[in-house]
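Report on the following structure.
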Amino acid sequence: MRRHVISVLVNDQPGVLQRVAGLFGRRGFNIESITVGSSEEPGLSRMIIVTRGDEKTMEQVSKQLYKLIDVAKVVDLSASPMVARELALIKVGAEPAERPEILGVVDTFRASVVDVGPNTLIVQVVGDSDKIDAMVELLKPYGIKELTRTGVTAMTRGMIRKQQP
Amino acid sequence: MSIQNVIASSESKDELRQRLLKPDEITGSEILLRTLLLEGVECVFGYPGGAVLYIYDAMYGNPDFKHLLTRHEQGAIHAADGYARSTGKVGVCIATSGPGATNLVTGIATAYMDSVPLVCITGNVATSLIGSDAFQEADIIGITMPITKHSYLVRDVKDLARTIREAFHIASTGRKGPVLIDIPKDVSNQVTRFEYPETISLPTYKPTLYPNKLQVDKLLAAIEEAKQPVILAGGGVVYADASAELIEFAEKTRIPVTTTLLGLGGFPSGHELWMGMPGMHGTKTANYALQNADLLISIGARFDDRVTMKLEGFAPRAKIAHIDIDPAEIGKNVPVDIPVVSDVKEALKEANTKARPAQSEEWIKQIQEMKEQYPLRYKDSDDELKPQWVIEMISETTNGEAFITTDVGQHQMWVAQYYKFKNPRSLITSGGLGTMGFGFPSAIGVQMAHPDKLVISINGDGGMQMCAQELAVCAINNIPVKIVVINNQVLGMVRQWQELIYDSRYSHIDLSGSPDFVKLAEAYGVKGLRATTKEEARAAWQEALNHPGPVLIDFVVSKMENVYPMVQQGCTLDEMIMGDSE
Ligand SMILES: Cc1ncc(C[n+]2csc(CCOP(=O)(O)OP(=O)(O)O)c2C)c(N)n1
C-alpha cells in the first residue's frame with residue numbers, strides 16, 4: 001500500500017471537485033489529501049490527490065477518473081522524481097520566556113513566524129509532509145492551539161512531459 | 001387512436017429540419033423541443049409540474065412533438081429505458097423539480113448499471129432560488145452524480161442547445177449511459193437567438209472505438225493454441241449491434257458461447273455453439289465450460305458477481321481476454337491477460353479478418369454431450385400451472401420474434417432460461433440493478449418504438465404492483481402490450497432464498513391482499529384474463545394474442561416452485577444445486 005501522489009487535470013466546471021471526491025468515496029479509494037487550483041492551461045484546473053493503494057487499485061483509480069467526462073489527464077506523479085510541498089500554519093502557545101526556544105526550532109526548519117500575539121505565535125512552514133510532521137512534533141510541547149495544513153501540491157522534476165498528440 | 005409517427009406526412013424530414021433549424025428568437029423551452037426533434041427523438045415520456053410548466057406549455061398544440069404522460073415518473077423513465085434498449089437510440093424523459101426528479105432516481109440507476117443511453121430532463125427552481133431550500137427544490141445533480149454518466153445544470157439559456165447536443169453525444173457514445181440535464185424554471189422561459197451547434201467539442205471526452213491491432217493478434221494467437229476456449233458474451237454485444245460479428249467470430253474460431261442475462265439474444269439460442277446463460281442460475285454446461293476453460297474471451301461482459309459467483313475460483317484454469325469499450329472494466333474484477341479496449345463491433349470485425357479455428361472440436365463434442373445430458377428441466381404437473389411451462393408456451397407461440405420485457409425475480413430467471421431468444425434487443429430486463437417495477441413500464445416504451453411488433457411484458461405479482469398505474473397509459477393510448485403476470489402469490493425469489501438459505505423462515509413474502517389483477521386491468525380499461533390450468537392458459541394466451549389492444553393475463557401458478565440450477569452465494573460455479581431438474 002504505497003503512497004501515491006496523483007495529478008488530475010480537469011475542466012474548470014462547477015461540481016468537478018464533487019465528482020472526483022465522490023468517485024473516491026464511492027469506490028472505496030482512500031484520500032489522504034486533495035487540493036485544487038488553477039493550472040497552466042486556461043479553463044483547466046489541477047487537483048493533486050494523495051492516496052494509498054496497491055498497483056491494481058491505482059490502475060482502477062486512474063481508469064475510473066478517466067471515465068469522468070471532465071477529466072482531461074491523470075498522472076501518478078510519484079512514479080517519477082517529483083517535488084511535493086505542503087504548507088501548515090501552526091498556532092503555538094508561546095509565553096515570552098519560551099519564545100527564543102521556539103524561534104530556534106523555526107529557524108532550523110526554515111519556517112517563519114507570521115504572527116505574534118501576547119502569548120501565541122503563528123508559525124508557517126512549507127515542505128514535504130514528513131518535514132511538517134516533524135515540525136509539529138517539536139512544537140507540541142509548547143502547546144499547539146490551532147493547526148491547519150493545506151494538503152500536498154506537487155509536480156515532477158525537470159523534463160517537460162510530452163503532450164499527447 | 002394508434003401509435004403514429006410524429007412527423008407530419010405533408011412535410012418531408014428535410015423541410016421539418018430546416019424549419020426547426022431557423023435561427024429564431026425563442027425561449028429555452030422551445031429550444032429544448034426543437035433540439036430534441038433535431039436529435040431525432042420520436043417520443044418522450046414525462047410528467048409535468050411547476051418547474052417544467054414552460055416546457056409543457058411549449059408542447060401545447062405542437063404537432064411535431066410526441067409526449068406520453070405516464071402516471072408516475074418511474075413509469076416515464078423505465079418507458080424511456082425500454083425505448084432505448086429496444087432501438088439503440090437515446091430515450092428521453094422529463095420530470096419536474098424536487099419530487100419529480102427524485103422519482104427518476106431508481107430509473108437512472110437502472111439505466112446506469114445496464115449502460116442504457118438516456119437523456120433525463122429535470123426542471124429546477126429558478127436560478128435565483130437555487131440553494132435556498134425553495135419549494136420543490138432538490139439537488140438532483142448531487143443526488144444522481146454516482147448514477148449518471150454525466151450531468152448538467154444549465155444556468156444560461158445560451159448554453160442550452162449546446163448542452164443538449166453534448167448530452168445526446170455522451171449518452172450514446174463510448175460506454176453508453178444516462179445523462180441528466182437540470183433546467184431551472186427561469187432558463188426555460190428566457191429568450192435567446194436559437195443557434196444549433198453543428199459540431200460538438202468535448203476535448204476531454206474521447207472514447208476508444210478501435211482496437212489495438214497487436215492485442216487482437218495476441219488474442220487470435222491464443223485462440224489457435226486453445227483447446228477448451230469459451231466466449232462469454234454480454235450486453236455490450238447487443239448494444240454495439242455486433243451480433244452478426246459475434247456469430248461469425250464464434251463460427252470461424254469454433255468457440256462455444258455463453259451469453260449473460262443482458263447478452264441473451266446477442267447470440268441465437270438455437271445455435272450449435274450456444275451453451276445458455278452462465279452464473280447463479282446458469283446452465284450446467286455454461287458453468288462447467290467456464291470452470292474448465294483454458295481460454296476465456298469476455299466480449300462486452302463485465303464479470304458481474306451474479307456471473308462469476310465466488311471470484312477466487314472463477315475460471316481457474318483460463319487465460320483471460322477481455323474486449324470492452326470501457327477501459328475501467330478491464331482488470332476491475334478479474335485479472336486480464338489480453339485486454340482489448342474497443343467498440344465490440346470494431347474489435348470483432350478486426351478479429352474476423354484473420355480469425356482461425358481453435359483446437360476445440362473435442363471440447364465442442366464434450367459440450368454437446370453435456371447439453372444433452374443436462375438440459376434445463378422442471379417437474380411439470382397437470383394439477384397446477386408451472387411458471388416454466390407458461391414461459392415455454394409463450395416462447396413457442398412467438399417463435400422468438402417478440403420483444404420480451406421482464407420484471408425482477410424468479411419469473412425473470414425462468415424467462416432467461418426457457419424463452420428461446422433469437423434476436424438481439426428482444427429481451428429488455430433490468431440486469432445490473434435488478435429493479436422491480438421495471439418490467440411493465442419498459443414495455444410501453446418498447447411498444448412506442450415498435451408499434452407493429454408483438455411486445456410481451458412478463459412480471460411477478462410483486463413487481464406488477466410497483467408500477468401498475470401505467471395500465472392507464474396503455475388503455476388511453478391503446479398501446480397493445482401483452483402484460484403477463486406470473487402470479488405465485490408470493491415474492492417468489494425472496495421465498496426461494498428464505499427456503500434455501502434461511503431455513504424456510506418465510507418472513508414477509510406473502511402477497512395476500514394483492515388485487516384481483518383481472519379486475520385491476522379492467523378498472524383501467526384494459527382487457528383482463530385469468531388462467532389456472534394449462535387449458536385455460538392456452539386459451540387465454542391465444543385470446544390475448546388475437547386481441548388488438550392491451551391485455552393483462554393473470555397466470556395463477558404454483559407457489560413453491562424454485563429456480564434451478566442455482567449456485568449459492570459464496571460458492572464457485574461448479575458447486576451447483578440442480579433441484580427439481582435432477
Ligand atoms: C425495487 C426492488 N425491491 C426489492 C427487490 C428485491 N427482490 C428481488 S426479487 C423479489 C421478489 C419478486 O417477487 P415477484 O415480483 O412476485 O416475482 P417472482 O420472484 O415471484 O417471480 C424481491 C422483493 C428488488 N429487486 N427490487
Side-chain angles (χ1 to χ4, degrees), chain A residues 4 6-31 34 36 38-47 49 51 53-76 161-165, chain B residues 109 112 115 127 130-131 139-156 159 163 166-182 200-208 302 311 322 324-336 339 341:
Chain A
H4 294 261
I6 298 167
S7 155
V8 188
L9 204 58
V10 297
N11 281 333
D12 192 1
Q13 289 285 331
V16 172
L17 178 60
Q18 193 186 349
R19 285 183 205 280
V20 171
L23 185 150
F24 271 73
R26 188 162 71 242
R27 297 219 175 242
F29 304 143
N30 127 304
I31 299 185
I34 184 164
V36 203
S38 43
S39 75
E40 67 284 355
E41 279 192 57
L44 294 181
S45 297
R46 178 168 278 114
M47 295 183 187
I49 302 170
T51 177
D54 55 22
E55 290 311 312
K56 183 177 178 288
T57 312
M58 283 309 118
E59 188 183 319
Q60 268 298 308
V61 166
S62 156
K63 284 175 166 176
Q64 294 293 344
L65 281 170
Y66 270 121
K67 279 179 78 165
L68 298 179
I69 307 297
D70 283 325
V71 168
K73 200 160 173 49
V74 181
V75 181
D76 188 347
R161 221 172 297 103
K162 262 215 321 262
Q163 290 289 312
Q164 280 198 327
Chain B
Y112 183 73
S115 311
T127 38
I130 286 181
D139 172 16
I140 195 63
I141 298 271
I143 291 170
T144 58
M145 220 168 246
I147 51 169
T148 48
K149 185 172 174 189
H150 194 53
S151 49
Y152 295 92
L153 170 61
V154 183
R155 286 179 181 273
D156 186 335
D159 297 331
T163 301
E166 285 181 11
F168 273 81
H169 178 67
I170 291 170
S172 62
T173 53
R175 179 175 187 169
K176 299 170 173 88
V179 178
L180 185 131
I181 308 176
D182 199 22
I200 296 166
S201 162
L202 284 165
T204 56
Y205 175 65
K206 310 185 246 338
T208 307
R302 62 188 174 86
L311 260 182
H322 192 172
D324 205 297
I325 195 157
D326 180 357
E329 283 307 336
I330 291 175
K332 188 183 80 178
N333 297 337
V334 171
V336 170
V341 178

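Every chain is numbered from 1, with letters handed out A, B, ... down the list of sequences.
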Exercise for review: Give, for atom NZ of A:K67 and atom CZ of B:R175, the distance between the pair rounded to the nearest 0.5 Å.
Suggested key: 4.5 Å
Check your understanding: Nearest 0.5 Å, what's the OH-CD1 distance between B:Y152 and A:I69?
Key -> 7.0 Å
Exercise for review: Counting only heavy atoms closer than 4.5 Å, note whether A:N11 contacts chain B via side chain, backbone, both or neither.
Suggested key: side chain
Revision key, fill the gap. The reported gap from CZ in A:R19 to NE2 in B:H150 (rounded to nearest 0.5 angstrom) is 5.0 Å
Exercise for review: Say whether, by atom type as modelled, one donor and one acceptor occur between the side chain of A:K56 and the main chain of B:K332 under 3.5 angstrom.
Suggested key: yes
Revision key, fill the gap. One should read off an interatomic distance between B:D326 CG and A:Y66 OH, to the nearest 0.5 angstrom, of 14.0 Å
Exercise for review: Find the distance between CG (B:D139) and CD (A:Q18) and round it off to the nearest 0.5 Å.
Suggested key: 6.5 Å
Exercise for review: Heavy-atom pairs under 4.5 Å with chain A are the metric here; pick the option from B:P335, B:G142, B:P146 that has the most.
Suggested key: B:P146
Exercise for review: Identify which part of B:I330 has an atom lying under 4.5 Å from any heavy atom of chain A, answering side chain, backbone, both or neither.
Suggested key: both
Check your understanding: What part of A:Q13 lies closer than 4.5 angstrom to a heavy atom of chain B: side chain, backbone, both or neither?
Key -> neither
